[in-house]
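Below you'll find the structure, written out as structure tokens, and then a few comments.
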Amino acid sequence: MLLFIRVFLLLYGIIALATGFMGATTHYNPDLSTPMQDNNHRYVAAIWASMSLAFFYVAWNPSEVSLFRFLMIALFIGGTARALALINYPPTPIIIFGILLELIPTTFMFWMHTQLLKTGKL
């Protein structure tokens, strides 16, 4: 169970770093967004990229219960927000994949982490 948790924490960290970096450094296109939208997008992307540090830290130190739970809940809330946004546009396979990646493994990881805590294996 702990290996599964660590692998997915590293995966989430890599995803956060890559997508956050791409969002923060993308070219500005005035035809697609206003300066304020672009600025907000870059801000959120940088926060997302910086969360990779937390994923990597918890992968290395899985006994950090509060930070682990915060990360799992944050991912779950993000996945829920993505799912709710599907009322505005049709889903694509990549959007469905992202939603499933944020909802399903986080739930299992939260449960497995709790089981490891109860048995004293962390």
Under 3.5 Å, which donor-acceptor pairs link side chains of residues 100-110 to any protein atom two or more places apart or in another chain?
from: E102; atom 1: OE1; to: G79; atom 2: N; distance (Å): 3.3
from: E102; atom 1: OE1; to: R82; atom 2: NE; distance (Å): 3.0
from: E102; atom 1: OE2; to: R82; atom 2: NE; distance (Å): 3.1
from: E102; atom 1: OE2; to: R82; atom 2: NH2; distance (Å): 3.4
from: T106; atom 1: OG1; to: E102; atom 2: O; distance (Å): 2.8
from: T106; atom 1: OG1; to: L103; atom 2: O; distance (Å): 3.1
from: T107; atom 1: OG1; to: L103; atom 2: O; distance (Å): 2.7

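Other residues, nucleotides and ligands contribute more than 12 heavy atoms inside 6.0 Å of the CZ atom of F56. The local environment of CZ in F70 is sparse, with at most 12 non-hydrogen atoms from other residues, nucleotides or ligands closer than 6.0 Å.
A heavy-atom distance below 4.5 Å is found between the side chains of I5 and L116. At a threshold of 4.5 Å between non-hydrogen side-chain atoms, the residues W60 and L9 do not count as touching.
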Steps toward side chain to side chain contact (heavy atoms under 4.5 Å, CB included) verdict (L32, D38): CA-CA 9 Å; L32 296 178; D38 180 73; over 6 Å; no
Intermediate values then yes/no, side chain to side chain contact (heavy atoms under 4.5 Å, CB included), Q37 and T34: CA-CA 5 Å; Q37 287 173 327; T34 66; 3.3 Å; yes
R42/Y28 under side chain to side chain contact (heavy atoms under 4.5 Å, CB included): CA gap, chis, key distance, verdict: CA-CA 10 Å; R42 290 177 194 280; Y28 173 63; 3.7 Å; yes
Steps toward side chain to side chain contact (heavy atoms under 4.5 Å, CB included) verdict (V7, L3): CA-CA 6 Å; V7 167; L3 179 62; 4.1 Å; yes
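Cluster annotation: V65 and F68 are assigned to the same hydrophobic cluster (Ile/Leu/Val/Met/Phe/Trp/Tyr, side-chain heavy-atom contacts under 4.5 Å, transitive). Put simply, I94 and I15 are part of the same group of oily side chains (I, L, V, M, F, W, Y) that touch within less than 4.5 Å, one to the next. Residues L10 and Y57 fall into different hydrophobic clusters, defined by Ile, Leu, Val, Met, Phe, Trp and Tyr side chains chained together at heavy-atom separations under 4.5 Å. Linking ILVMFWY residues whenever their side-chain heavy atoms come closer than 4.5 Å, directly or via other members, places W111 and L11 in the same cluster. Residue L117 is grouped with residue L71 when hydrophobic side chains (ILVMFWY) are merged at heavy-atom distances under 4.5 angstrom, including chains of intermediate members.
With rounding to the nearest 0.5 Å, the separation of CZ in F8 from CE in M112 is 8.0 Å. In this structure, NZ in K121 is found 6.5 Å from CE in M1, a value given to the nearest 0.5 Å. With rounding to the nearest 0.5 angstrom, the CG atom of N61 is 11.0 Å from the CG atom of L122. Atom OG1 in T92 sits 8.5 Å away from atom CG in L86 (nearest 0.5 Å).
Ring planes of W48 and F55: perpendicular class, angle over 60° (limits at 30 and 60°).
When atom types are taken as modelled, the side chain of T26 and the backbone of G23 share no donor-acceptor pair closer than 3.5 angstrom.
The nearest pair of heavy atoms linking R6 to P62 is NH2-CD, 3.3 Å. A74 approaches M51 most closely through the heavy-atom pair CB-CE, 4.4 Å. Taking every heavy atom of both residues into account, A24 and A46 meet most closely at CB-N, 4.3 Å.
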